[in-house]
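Quick notes on the structure that follows.
All chains are named by letter (A, B, ...) in the order of the sequence lines, taking the proteins before the strands, and each is independently numbered beginning at 1.
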Amino acid sequence: MNVLEIRNVNKTFGDVRAVQNLQLEVEEGQIYGLLGPNGAGKTTTIRMIMNIILPDTGEIRIFGQPVTLELLRSVGYLPEERGLYRKMKVKEVIRFFAELKGMDRSQIEKEMKHWLERLDLLEWQEEKVEELSRGMQQKVQFILTVIHRPRLLILDEPFTGLDPVNTDLLKDILLEMNRQGATIILSTHLMEQVEKMCDAICLINRGRAVLQGPLAEIKQRYGKNHVLLEYDGDAEFLDGHPLVEKVSDFGRYMEIYLKDEADPQTFLRELTSQVEIFRFELAEPSLHEIFVDTVRRMEEQHA
Amino acid sequence: MRRSWVVVRREFLTRVKTKGFWLGLIFFPIFIVAIFIIPIWISSLKLDKSLRFVAIDFSGQVLDRMEAFLSDTTRSGKRVYVFLRKNLPSPAALEDLKPELNEMVENKEIDGYLVIPAGILDPGRNEKAQLYTKKVTDFILLRRMEDALNQAIQIKRFERSGIDVHLVAQLMKRVDLKTYKVGPEGEEEERGGTFFLAYVLALALYMGILLYGVTVMRAVLEEKSNRVAEMVVSSVRPFELMSGKILGVGFVAVVQFSIWAATMFVLSEFREPMAQAFGVSASAVPALPSVPLDLAVYFVIYFVLGFLLYSTMYAALGSTADSEQELQQLQTPLIFMLVLPILLLSFVIRTPDATLSVVLSILPFTSPIIMPARMAVARPPVVEILSSIVFLLAALLVMVWLAAKIYRVGILMYGKRASLQEIVKWVRYG
């Protein structure tokens, strides 16, 4: 069953076409990544799923039905704009939102203890929200989105503002919830996270889905002629080389796209005659490469 | 419904838990008591030092009389007004003496000097007495001096004309016009309490509606600028959130007003022992005017409806703004509608049955303040009371409908302030 279906959705703000003809399907149990540069339309899409803004045309269904408030209560939503009641104690805030979700008292106390412990916030529970650092406030807000054990989690940029330790903590929790059956949709521009976590992605640019599908498939599609190279010497001859499509140079490390018709073995032989090679690997491109490449090609078409 | 209740409870509890709420509960009654007691207490204070004046009476007949009228005493029982008589041969001699007298005033050896011209007893000559002093702003001192001077001179004039002063005093005695308020139960002595009551009721309604309306507006803006709204509306309808906030603040208002009213009642009941504790005579402290039960009920009805009407508008307003500064400008029309009844209040109280008074007590935006005030002084026909309440309810329903649409969009829109055209669009397509 598809947990989320978006069909032909369009949304215009004034002259800006924020989302155009968006089609999207998320299967149950998936971790789905919404990627895209700033202003691409990720947050608009998420806000439409959450019924905060209405699409101009098209249809959005969750759990196979049109979106209603009742359905949304079984969704955990972490908005991009973070905020809490600053004057309330951490415990009170959590209780308030849990009660809004319809949880009963004993359930709330049990879950609250579990999550405060899990996110290392137990000793802060009696403090006012304003006393907490931004990272801690973000963790409190994360508790609010998961305390009712939602079947579907929608997280808008969940990792921004967290330190590496907490980023890992959050990632582990998400994977664990996913194993327990939760479907997770997250928007991010941190490619590394997506690469490690997501089963499928949708890359959005200028309001359009430009790349979509299971991550493995996408990588395979891009993966044929991608070379990772560690070397020493002068590699300037690669610029404009007949076999090379594109080069990302990091100094002593390079990622090279070969032209479709090029043979990697021929290319390797040519390299050995020019520079000293420590590593030569034919690999799938990183999602970062795919992302930058796709967006760049689109911009070129636009220009 | 249960979820609305969660919002109401949060709003109520977080407000009741603030220091401001408790300080308000305690200090407001203290403030009111202070307003009544302090002026009375101050006016009963006695001076601890005499005032010394050099007195030059060219007529030679006025000063003794005047001194007799100024018999006030200081705390230690001495006379307050002490006149040091000085005889001078002519006004010219006074001119020579003035620099010396001025210097004495300047050095605080004396508090001033009083000059009574020779012809003061002759009404035709229109002579003026003169007081030279530094205490030109002590209006009580100046009044006492002038009164004593005039009384002394009048008596002297009567005596000079051969008229019996005591007879004049008897004949000139003033009579009072006693007023009785006529009502369905007959007549009742009026001591100014009705006027006072109408004013107090109207001011309490005005302040209550404004204060708590603005509280609702702030609460809405807080939720919007905190971005909390977006999370809350994934669990409750925007309308439930809005009404929850209004009701939460409303319950705070009810609790606060009830406690204040109870405190006022207790203070009024025990005003005599309290007044004595402050060393003030009990009769000087005004009693709380007794409020008839039906008026009290109407007060509550109009307060509740007025609060709901205005706080709904305030909630919608709060959702369209992005900052406190914007709100300052946006709420001007609302404040104007609330101030208008207060500006017209004395007119309504004086002529409660004039057309303007009747209209103001039926129009929904002024009726919550005007109708109870009008009811305190007159007995408006039942038709007028009923239509006033019906209009108020109708206006409330329309406002709730409008506000819900504006609020739903406004609360989730960030970054820019909504223009009037946009708000109209929200209402039409919302």
Distance, nearest 0.5 Å, that separates [atom1] of [X] from [atom2] of [Y]:
X       : Y        : atom1 : atom2 : answer
A:Glu99 : B:Arg10  : CD    : CZ    : 12.0 Å
A:Tyr85 : B:Glu11  : OH    : CD    : 7.0 Å
B:Thr14 : A:Phe96  : OG1   : CZ    : 9.0 Å
A:Phe97 : B:Ser234 : CZ    : OG    : 8.0 Å

Take atom [atom1] of [X] as the centre, draw a 6.0 Å sphere, and report whether it contains more than 12 heavy atoms from other residues, nucleotides or ligands.
X        : atom1 : answer
A:Asn21  : CG    : yes
A:Lys128 : NZ    : no
A:Phe13  : CZ    : yes
A:Trp124 : CH2   : no
A:Glu127 : CD    : yes
B:Phe391 : CZ    : no
A:Arg118 : CZ    : yes

Main-chain N/O of A:Arg82 paired with B:Arg227 side-chain donor or acceptor, under 3.5 Å:
no
Do [X] and [Y] come within less than 4.5 Å of each other through their side chains, counting heavy atoms only?
X        : Y       : result
B:Glu230 : A:Arg47 : yes
B:Ser225 : A:Glu81 : no
A:Lys89  : B:Lys17 : no

Heavy-atom pair count under 4.5 Å with chain B, highest-scoring of [options]:
options                             : value
A:Met88, A:Lys87, A:Arg95, A:Arg86  : A:Met88
A:Val75, A:Leu72, A:Leu84           : A:Leu84
A:Asn51, A:Leu144, A:Ile52, A:Ile53 : A:Ile52

What's the verdict on side chain to side chain contact (heavy atoms under 4.5 Å, CB included) for A:Thr145 and B:Met231, showing C-alpha distance, side-chain angles and the deciding distance?
CA-CA 9 Å; A:Thr145 52; B:Met231 293 199 69; 4.1 Å; yes
If I compare all heavy atoms of B:Ser235 with all of A:Arg73, which pair ends up nearest, and what's the gap?
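Closest pair (atom of B:Ser235, atom of A:Arg73, distance): O-NE, 2.6 Å.
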Heavy-atom distance under 4.5 Å to chain A: side chain of B:Arg237, backbone, both or neither?
both
